[in-house]
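Data block below; observations after.
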Amino acid sequence: QVQLVESGGGLAQAGGSLRLSCVGSGMIFVNSMGWYRRASGKQLELVATITSGDSTNYADSVKGRFTISRDNVKNTVYLQMNSLRLEDTAVYYCTADAIQGGKLGLDKYWGQGTQVTVSS
């Protein structure tokens, strides 16, 4: 089965930085990985995506501050978050658009989520 295990969440001060990591397993092919976030009482938001060819896309709200990267061999995706703002406070979820071993076709898989809290 596919698992996505996140780490690196926690508390940071406004203007500070955090680095999130998410390690995938159980996938024989990963087309892309990404990060979503959900702030309390708000809708789920796509933060960033990265393809196996390292093409990236960012939400306007994080562009220039966050950087997504991946290690395709390790099936790991990272989110470097700089210049953090109070509004970045949310639960962050990593995703993988991937083929699970023994299955056909791509599915989207989700991590468990990790809390990021930014204080002033």
Side-chain angles (χ1 to χ4, degrees):
Q1 62 180 2
V2 170
Q3 288 192 79
L4 296 170
V5 180
E6 302 176 351
S7 62
L11 278 65
Q13 291 190 338
S17 298
L18 285 174
R19 179 179 169 90
L20 305 183
S21 301
C22 184
V23 181
S25 62
M27 300 174 291
I28 61 172
F29 175 78
V30 181
N31 186 63
S32 65
M33 301 185 80
W35 292 91
Y36 288 74
R37 68 185 182 185
R38 179 180 54 81
S40 181
K42 297 185 178 179
Q43 295 184 86
L44 193 68
E45 177 187 21
L46 177 62
V47 177
T49 60
I50 184 167
T51 70
S52 59
D54 289 337
S55 295
T56 59
N57 190 50
Y58 297 92
D60 288 342
S61 59
V62 307
K63 196 171 298 182
R65 301 187 298 119
F66 291 9
T67 303
I68 188 170
S69 61
R70 68 182 293 182
D71 184 329
N72 292 338
V73 175
K74 297 180 179 179
N75 285 335
T76 300
V77 63
Y78 306 93
L79 187 68
Q80 179 67 45
M81 303 184 293
N82 298 328
S83 302
L84 284 164
R85 303 168 180 170
L86 293 177
E87 53 264 40
D88 294 321
T89 296
V91 177
Y92 284 71
Y93 301 89
C94 64
T95 66
D97 292 340
I99 299 174
Q100 181 179 331
K103 289 189 175 182
L104 289 175
L106 290 166
D107 284 312
K108 186 180 290 295
Y109 299 93
W110 293 78
Q112 76 285 354
T114 185
Q115 178 71 46
V116 171
T117 301
V118 182
S119 62
S120 60

By salt bridge (Lys or Arg N to Asp or Glu O under 4.0 Å) - contacts of Asp54 (at least two apart):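 With neighbours one apart ignored, the set is empty.
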
Residue set satisfying salt bridge (Lys or Arg N to Asp or Glu O under 4.0 Å) with Arg85, at least two apart, ordered chain then number -> none

Can you name the ring-ring contact (aromatic ring centres under 6.0 Å, His included) partners of Tyr36, sequence neighbours left out? Trp110

Indicate the atoms forming the closest heavy-atom contact of [X] with [Y], along with that distance.
X      : Y      : result
Gln112 : Leu4   : OE1-O, 3.0 Å
Val30  : Ala96  : CG1-CB, 4.5 Å
Thr76  : Met33  : C-SD, 4.3 Å
Val23  : Lys74  : CG1-O, 4.1 Å
Val91  : Gln115 : CG2-OE1, 3.3 Å
Val62  : Val47  : CG2-O, 3.7 Å

Which value, rounded to the nearest 0.5 Å, describes the distance between [X] atom [atom1] and [Y] atom [atom2]?
X      : Y      : atom1 : atom2 : answer
Leu106 : Ile99  : CG    : CD1   : 5.0 Å
Ile28  : Asn75  : CD1   : CG    : 11.0 Å
Gln3   : Gln100 : CD    : CD    : 10.5 Å
Met81  : Arg65  : CE    : CZ    : 9.5 Å
Leu11  : Thr89  : CG    : OG1   : 8.5 Å
Leu86  : Ser119 : CG    : OG    : 7.5 Å

Quick one: do the Ser32 and Asp97 side chains pair a donor with an acceptor below 3.5 Å? yes

What pairs meet the side-chain hydrogen bond (donor to acceptor under 3.5 Å, both in side chains) rule with one or both residues in residues 8-25, with sequence neighbours excluded?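 For residues 8-25, and leaving out neighbouring residues, the side-chain hydrogen bond (donor to acceptor under 3.5 Å, both in side chains) pairs sorted by first residue read Ser17-Asn82.
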
For residues 38-50, pull every pair meeting side-chain hydrogen bond (donor to acceptor under 3.5 Å, both in side chains), keeping only residues two or more places apart or in separate chains.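 The answer is Arg37-Glu45, Arg38-Tyr93, Glu45-Ser61.
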
Any pair counted as disulfide (SG to SG under 2.5 Å), so long as it reaches residues 21-120, sequence neighbours left out: Cys22-Cys94

Does Asn72 reach the main-chain N or O of Ser52 with its side chain, forming a donor-acceptor pair under 3.5 Å?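 Here the side-chain-to-backbone pair exists.
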
Out of the candidates Phe66, Tyr78, Trp35, only one should pair with Leu20 under the side-chain contact (heavy atoms from CB on, under 4.5 Å) rule; please name it.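 Of the listed options, the one satisfying the test is Trp35.
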
